[in-house]
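Accompanying notes for the structure given below.
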Amino acid sequence: MTIEIFDTKSGRKAPLVPLEAGHVRMYVCGITAYDYCHIGHARSALVFDMMVRYLRHRGYRVTYIRNFTDIDDKIINRAREQQTTPEELAERFIRMFHEDMERLGVAAPTLEPKATEHLPQIITLITQLIERGMAYQSGQDVFFRVDRFKDYGALSGRNLEEMQAGARIAINEAKENPLDFALWKGSKPGEPTWESPWGPGRPGWHIECSAMSREYLGDTFDIHGGGKDLVFPHHENEIAQSCGATGAAFANLWVHHGFVTIKDEKMSKSLGNFLTIRDVLARYEAETLRLFIFSTQYRNPVDFSEEAMAAAETGLRRLYACLAEIALLPETAGTDKPGLATQSEQKKIKGLAEQFQEAMDNDFNTAQALGLLFEAVKTMNRIRQALPRKPAASDLTLLRQGAESLRGLATILGLLGENPLCYTQRKQTDFLKEHGLDAATIEGLIEQRNAARVAKNWQQADALRDRLQKLGIEIQDSAGFTTWKVRM
RNA sequence: GGCGGCGUAGCCAAGUGGCUAAGGCAGCGGUCUGCAAAACCGUUAUUCACCGGUUCAACUCCGGUCGCCGCCUCCA
């Protein structure tokens, strides 16, 4: 079984065949560090984190590079606004990014190179492009000569003529062709500057990724990824630069994820409809966000809303509850009678891992994979619910193995990492703290209610329950005792 | 205007030539309970935006129509 991945360039799914057997080399475009990250960035990080985890689970060694753009116009402008240096600003937001990633439980990539730390490689690449006639100096700037690269437009499915006809870019006298793009920008006073054969200046936006992917992954590597909005011009330009300079193939597979939308519109700074990762994590757990993100296949847009997050939260609780209930099952069997799980139920639980793999092998279909997990939960709940007081060994084993399998698979998606019993406990404690309640008060009220119940004073008992409910406490009567939990 | 994507139950979301159209959320009926809650069981699309075509067979392929979104300018 091979893993199939949708490749933007060919427009279809292609089997993943790493250049080096068993070793996947992947480059992903990271953030430009000039502001707090929004949940679109979170989706990107989460999606690639999931891919890396899954590839490793499938036995691949993965070299995963995700860069930082730490020099560009936005950084310079923002630094000026904040009366700081571009270096300080970029560093600060890289730090914020790392904090966000840690809270999201996103594992660190193999390397996180920064543009400003790769000037020699960038300069080498530009020099090679000039030598090969693919780039030219104009004043203090260096531009890529777009019409010298015959495949220009192949990734994004356009051609030069169309683009020239519909160009919205202002004519720049310094360029031979309006679509030519900057590899090197001569510096203006007060801007960060590096020495180069073309005078003092700084790299253009696209060249850093060509230089850094080459540095760490070689001229040709397996997967290049990013958000859909990077297809053009960023990735198109990267291909032009890299192939133009090396003459070799660049990335074999191009992977692009869809956007996070709000009311079906792309989240963006200009529309002002974005939520930072911090905004969201102040309201929801990281794990809830993960479940929400993975409930849609990565290429499709995912619409953020309170309702969707609430649904994700309920779903997550359902998964944890299943594990918690199984963890509380008796250690030893009470009977040596045959179990009650049917053949098909057994098959469903035992075949979970295989089905999960099938879904994930198909272009990382996390939505389908999660569906399978929930289906297994349903099956296990059904068996558990029907268990007699003295359950059979085969049923207990099946449920424990099923739970273990469920947990293991969910871990690949970064879910269900917490002890299920602790999860509930923690949610409870958080809630109480937030609402200024404590367990003693609640238990006091429950005792009063139980006293009323013993006296069969149902009216008073119900009044007490209503009171608890208003505090956000749900109670559950079992034979002989009452448990309570917070309403989440 | 050019290019690309999407339209599946109340909402979200898989499936993508033939097996009962996954799963989640919400709703309803039931089991349980003094009543509840949780959990479970059952139920909610004879139908996949619409219209044609190909095929023994289409939600799935092809053509058209409508609607929504994205890229073409910095963007995950």
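Atoms considered below: every heavy atom in the structure, side chains included; atoms not considered: hydrogens, waters and symmetry mates. In what follows, chains are A, B, ... by sequence order, proteins preceding strands, each numbered from 1.
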Name the nucleic acid region contacted by [X], choosing base, sugar-phosphate or nothing; use a 4.0 angstrom heavy-atom cut-off, strictly under.
X	answer
A:R299	nothing
A:H38	base
A:V260	base
A:R382	sugar-phosphate
A:Q297	sugar-phosphate
A:T296	sugar-phosphate

Among the candidates [options], find the nucleotide nearest to the side-chain atoms of [X].
X	options	result
A:D477	B:rA36, B:rG23, B:rA37	B:rA36
A:T314	B:rA76, B:rC72, B:rA26	B:rA26
A:K266	B:rA14, B:rC72, B:rA76	B:rA76
A:N381	B:rA36, B:rA39, B:rC72	B:rA39
A:R449	B:rA14, B:rC35, B:rA76	B:rC35
A:A367	B:rC40, B:rG15, B:rA14	B:rA14
A:R158	B:rC72, B:rU16, B:rC41	B:rC72

Handout entry: Basic-acidic side-chain contact under 4.0 Å: A:K185, A:E191
Key =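 Salt bridge between A:K185 and A:E191, a charged N being under 4.0 Å from a carboxylate O: no.
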Exercise for the section: Assess the side chains of A:S138 and A:D141: does a donor N or O sit below 3.5 Å from an acceptor N or O? Expected result: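 Result is no, nothing qualifies.
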Exercise for the section: Determine whether the side chains of A:S10 and A:R12 contain a donor N or O and an acceptor N or O closer than 3.5 Å. Expected result: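 Per modelled atom types, A:S10 and A:R12 side chains form no pair under 3.5 Å.
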base_contact_polar ([N] base, [X] side chain, donor-acceptor, <3.5 Å):
X	N	result
A:N365	B:rG15	no
A:E375	B:rA22	no
A:R465	B:rC35	yes

Handout entry: B:rG24 OP1/OP2 closer than 4.0 Å to side-chain N/O of A:R318
Key =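 Checking A:R318 against B:rG24: at least one side-chain N or O falls below 4.0 Å of OP1 or OP2.
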Practice task
State, yes or no, whether a side-chain contact exists between A:Y423 and A:L323 at a heavy-atom distance under 4.5 Å.
Solution key: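 With C-beta onward as the side chain, the pair stays apart.
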